[in-house]
Amino acid sequence: MRQVFERRRPLVLEVRDELERMILCGEVAAGERLDELALAERLGVSRGPVREAARSLERDGLVTTVANHGVFVRKLSVEDALELYDLRALIAGQLCAQVAECADARLRAALRAEVTQMEAAIDAAEEGRYFELNLAFHDRIAAEAGAARTQALYASLGKEVRLMRRQVLKGEASLRLSNREHGRIVAAIEAGDADAARRAGAAHHLNGKARLIATL
């Protein structure tokens, strides 16, 4: 189906965001080649913006170029994925600690509301909705920490992790366990306990690593 973008931003950014969405939502599978011509036709653009967008996605670790063969959606090795979880755990712990030190009543209420919304999504068996809320929850913590470089590192690593995260966040038991961990993070932030928030944030990501290992 041909898609035409409304030009609110430079075209290459619109194309890049759409390709990223397609990859992270699984519409283009890991290991699959990006067909420039087909994508350009689908998005209603020339091949140039698709090619530029692919270069940007390669810098983010979502695709890789194979000489004389084209651009492919990156397929993470198990070793890569486990390393990413370890790095994210360190950074997430720091972000959660910083939020615990600065969170006001508005932010505390917003984070608690997001945990409640995720629980409602589990009750309704809406895994896709839970996945979106989960991303928003962690993005809010990263944004509110007031540490731009740390946030950027966390976001960059997160895009690569998302290539496998749906493999981890699958099934009611896994979602409920994940959300209980969110609740522990929020409880520490509500208490203003930076050390507890650091431990809860890091443990959440390390537990995600353990859940990934269990699926292998």
Side-chain angles (χ1 to χ4, degrees), residues 17-28 30 60 62 76 81 84-85 87-100 102-147 150-191 196-212 214-215:
D17 285 354
E18 178 60 13
L19 289 182
E20 179 180 289
R21 184 199 66 77
M22 291 167 64
I23 291 169
L24 296 180
C25 289
E27 291 181 23
V28 186
D60 280 346
L62 294 182
L76 286 179
L84 286 169
Y85 271 101
L87 291 171
R88 289 257 293 176
L90 289 170
I91 296 171
Q94 177 64 20
L95 291 169
C96 289
Q98 289 180 243
V99 169
C102 69
D104 56 15
R106 171 200 59 83
L107 177 55
R108 292 194 296 269
L111 292 171
R112 179 57 65 185
E114 288 178 336
V115 171
T116 300
Q117 290 165 9
M118 282 187 274
E119 197 66 24
I122 299 169
D123 291 341
E126 296 178 345
E127 282 195 5
R129 173 66 173 157
Y130 180 89
F131 189 74
E132 292 172 2
L133 291 167
N134 175 64
L135 294 176
F137 173 80
H138 290 292
D139 285 348
R140 183 188 294 274
I141 288 175
E144 295 281 358
T150 309
Q151 177 188 359
L153 282 170
Y154 183 77
S156 176
L157 294 172
K159 288 177 182 177
E160 294 185 70
V161 169
R162 282 175 66 183
L163 292 171
M164 298 187 77
R165 191 178 292 164
R166 284 187 183 274
Q167 184 175 335
V168 175
L169 289 177
K170 188 174 182 180
E172 181 181 349
S174 177
L175 299 188
R176 290 203 187 278
L177 179 57
S178 171
N179 205 36
R180 283 198 295 272
E181 293 164 5
H182 293 150
R184 293 187 193 109
I185 293 171
V186 174
I189 290 172
E190 289 170 335
R198 179 180 286 106
R199 290 193 300 271
H204 176 55
H205 288 71
L206 292 175
N207 289 340
K209 174 185 173 181
R211 287 190 283 273
L212 172 61
T215 68

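If you're wondering where the values come from, they're calculated on a predicted model, not measured in any experiment. Side-chain atoms are counted along with the backbone in the values below, which use heavy atoms only and exclude waters and symmetry mates.
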Open item on the list: Once you measure the plane-to-plane angle for His138 and His204, does it fall in the parallel (<30°), tilted (30-60°) or perpendicular (>60°) bin?
Closed with: parallel
Task: Pairwise distance CD(Glu144) to SG(Cys96) - rounded to 0.5 angstrom - done: 12.5 Å
Open item on the list: Could you tell me if the side chain of Ser178 sits less than 4.5 Å from the side chain of Met118, heavy atoms only?
Closed with: no
Task: Residues in side chain to side chain contact (heavy atoms under 4.5 Å, CB included) contact with Arg108, at least two apart in sequence or another chain - done: Ala103, Ala105, Ile189, Glu190
Task: Qualifying residues under side chain to side chain contact (heavy atoms under 4.5 Å, CB included), relative to Ile91, sequence neighbours excluded - done: Leu95, Thr150, Leu153, Tyr154, Leu157
- [ ] List in chain and number order the residues that pass side chain to side chain contact (heavy atoms under 4.5 Å, CB included) with Thr116, two or more places apart in sequence or in another chain; answer none if no residue qualifies.
- [x] none
Task: For Arg198, salt bridge (Lys or Arg N to Asp or Glu O under 4.0 Å) partners two or more places apart - done: Asp195
TODO: Tell me, please, which residues at least two apart from Gln98 pass side chain to side chain donor-acceptor pair (under 3.5 Å).
DONE: Gln94
Task: Counterpart residues, side chain to side chain contact (heavy atoms under 4.5 Å, CB included), relative to Gln151 (two or more places apart) - done: Ala142, Ala143
Open item on the list: Could you go through Glu114 and Arg129, starting from their C-alpha distance and side-chain angles, then the distance that decides it, and tell me whether this counts as salt bridge (Lys or Arg N to Asp or Glu O under 4.0 Å)?
Closed with: CA-CA 12 Å; Glu114 288 178 336; Arg129 173 66 173 157; over 6 Å; no
Task: 4.5 Å side-chain heavy-atom contact, Leu107 and Arg140 - done: yes
- [ ] For Glu27, enumerate each residue passing the side chain to side chain donor-acceptor pair (under 3.5 Å) test, keeping only those at least two apart in sequence or located in another chain.
- [x] Arg21, Arg42
Open item on the list: Could you work out, with side chain to side chain donor-acceptor pair (under 3.5 Å) as the rule, every residue matching Arg180, not counting sequence neighbours?
Closed with: none
Open item on the list: So, using salt bridge (Lys or Arg N to Asp or Glu O under 4.0 Å) as the criterion, who are the partners of Asp60 when residues are at least two apart?
Closed with: Arg16, Lys159
Task: Listed partners of Asp123 passing side chain to side chain donor-acceptor pair (under 3.5 Å), at least two apart - done: Arg176
